Amino acid sequence: MEQCLLEKYRDFLPVTPQTPLITIGEANTPLVRSQTLERELGCGELYFKLEGCNPTGSFKDRGMVVAVAKAVEAQTPAIICASTGNTSASAAAYGAACGLDVFVVVPKGNIAMGKLAQALAYGAKILTIDDNFDKALELVLILAQKLPVALVNSLNPHRIEGQKTAAFEIVDALGSAPDYLFIPVGNAGNITAYWKGFKHYKQAGKNDNTPKMMGFEAEGAAAIVRDKVITDPKTVASAIRIGNPASWKGAVAAKDESGGMIDCVSDEEILSAYKLLACKEGIFGEPASAASVAGLIKLRASGQDFSAKKVVCVITGTGLKDPDTTIQTTKTPAELPADLDILEKEILKSS
Ligand SMILES: *Cc1c(COP(=O)(O)O)cnc(C)c1O
């Protein structure tokens, strides 16, 4: 059997002899080479890190396995989080696997269907509030202080520790760090975690370079880019619809220390990259995931040259979580009579 994340990277994680080595199959996700966009964008090498292949369909599982293992170790009976969807799905799964009560506070009407279905399926207690993610997080922070529940949002440092293992896997797969890492930025925990991972692995002698960290917010939720809290964040990419990122400082440090950037992409650019990724690469990420690719396309269009560079785009979650966006943004096929001639004509017409 493969070693689980907690075992494989235990020297880099807060794992003690008392930490239960729980797993539901997280991490060890594929790093695939681009089939089309590498050539079309003129990148030296372009890879996608497919975090949608985690057990609940997003990278959140890497951090959650550590946060939940530590909660079990501390004998906490319950966990709580605020969520735009993926954190709640992941908390619900790991909580279920460990017999913990799980409470998730989600913003009303703002959570993708597949993610809500996951939290329900895993048996979490869902508390829907009449406000946005930032308010949900504010309330959860207070509840976690008052009640015997462990906070498992990325303010929990164990989440960041677990998430940094994705950087280790990229270095292990490529034999070095890439030149550029493109990544969506919402609450900014993941960009913080990757940067920490590349630095720790370098200290351990695994890579002697580190990538420029290229973080992309959604234009309607670009708090870091605009250097101000956005009180009513708006974007089609619900996983990054966050107006006051918890790891704001971590993201800015990652950008500054690595010589990278934090920029933003419009919903149009996100949806265009989302479709390209599916139609040209066979990779169906959720809209927020496409912000990384949208960022690369934007920089390329502005004349930046990646021809001698190794580039990795992180595809943070699977598109199956948010089927509504696909259906709403794609032409759905008309119904046809069950007739051989008509079907044959249709096929010939479109080939
Ligand atoms: C959580 C999430 C993000 C944003 O990550 P942060 O750590 O909040 O910046 C992006 N994409 C997906 C699919 C996510 O679940």
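Quantities reported herein were computed from a predicted structural model and do not represent experimental measurements. Read the numbers this way: they start at 1 and go in the same order the structure lists the ligands and their atoms.
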J.: For atom CD of Glu268, is the number of surrounding heavy atoms from other residues, nucleotides or ligands below 6.0 Å larger than 12?
T.: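 No, the 6.0 Å shell around CD holds no more than 12 heavy atoms from other groups.
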
J.: What donor-acceptor contacts under 3.5 angstrom involve side-chain atoms of residues 164-174, with partners at least two apart or in another chain?
T.:
unit_1, atom_1, unit_2, atom_2, d
Lys164, NZ, Phe12, O, 2.8
Lys164, NZ, Glu161, OE1, 2.5
Lys164, NZ, His200, ND1, 3.2
Thr165, OG1, Arg62, NH1, 3.1
Thr165, OG1, Gly162, O, 2.7
Glu169, OE1, Asn28, N, 3.3
Glu169, OE1, Thr29, N, 3.3
Glu169, OE1, Lys49, NZ, 2.7
Glu169, OE1, Arg62, NH2, 2.9
Glu169, OE2, Asn28, N, 2.8
Glu169, OE2, Arg62, NH1, 3.0
Asp172, OD1, Tyr201, OH, 3.0
Asp172, OD2, Tyr9, OH, 3.2
Asp172, OD2, Tyr201, OH, 3.0

J.: State whether the side chain of Asn54 and the backbone N or O of Glu51 hold a donor-acceptor pair below 3.5 Å, judged by distance alone.
T.: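 Yes.
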
J.: Filter on side chain to side chain donor-acceptor pair (under 3.5 Å), then keep only pairs touching residues 72-82, sequence neighbours left out; what's left?
T.: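 Passing the test, one end in residues 72-82: Thr16-Glu73, Thr19-Glu73, Lys70-Glu73.
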
J.: Hey, could you give me each pair passing side chain to side chain donor-acceptor pair (under 3.5 Å) that has a residue in residues 205-221? Not counting sequence neighbours.
T.: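 Every pair satisfying side chain to side chain donor-acceptor pair (under 3.5 Å) with a residue in residues 205-221: there are none.
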
J.: For a distance cut-off of 3.5 Å, show me each N or O of ligand 1 paired with any protein N or O, plus the separation.
T.:
unit_1, atom_1, unit_2, atom_2, d
ligand 1, 7 (O), Gly189, N, 3.2
ligand 1, 7 (O), Asn190, N, 2.8
ligand 1, 8 (O), Asn187, N, 2.7
ligand 1, 9 (O), Gly186, N, 2.8
ligand 1, 9 (O), Asn187, N, 3.3
ligand 1, 9 (O), Ala188, N, 2.8
ligand 1, 11 (N), Thr316, OG1, 2.7
ligand 1, 15 (O), Lys60, NZ, 2.6
ligand 1, 15 (O), Asn86, ND2, 2.6

J.: Regarding Arg300 and Gln304, is there a side-chain donor-to-acceptor distance under 3.5 Å anywhere?
T.: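 Looking only at side-chain atoms, Gln304 and Arg300 do not form any donor-acceptor pair under 3.5 Å.
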
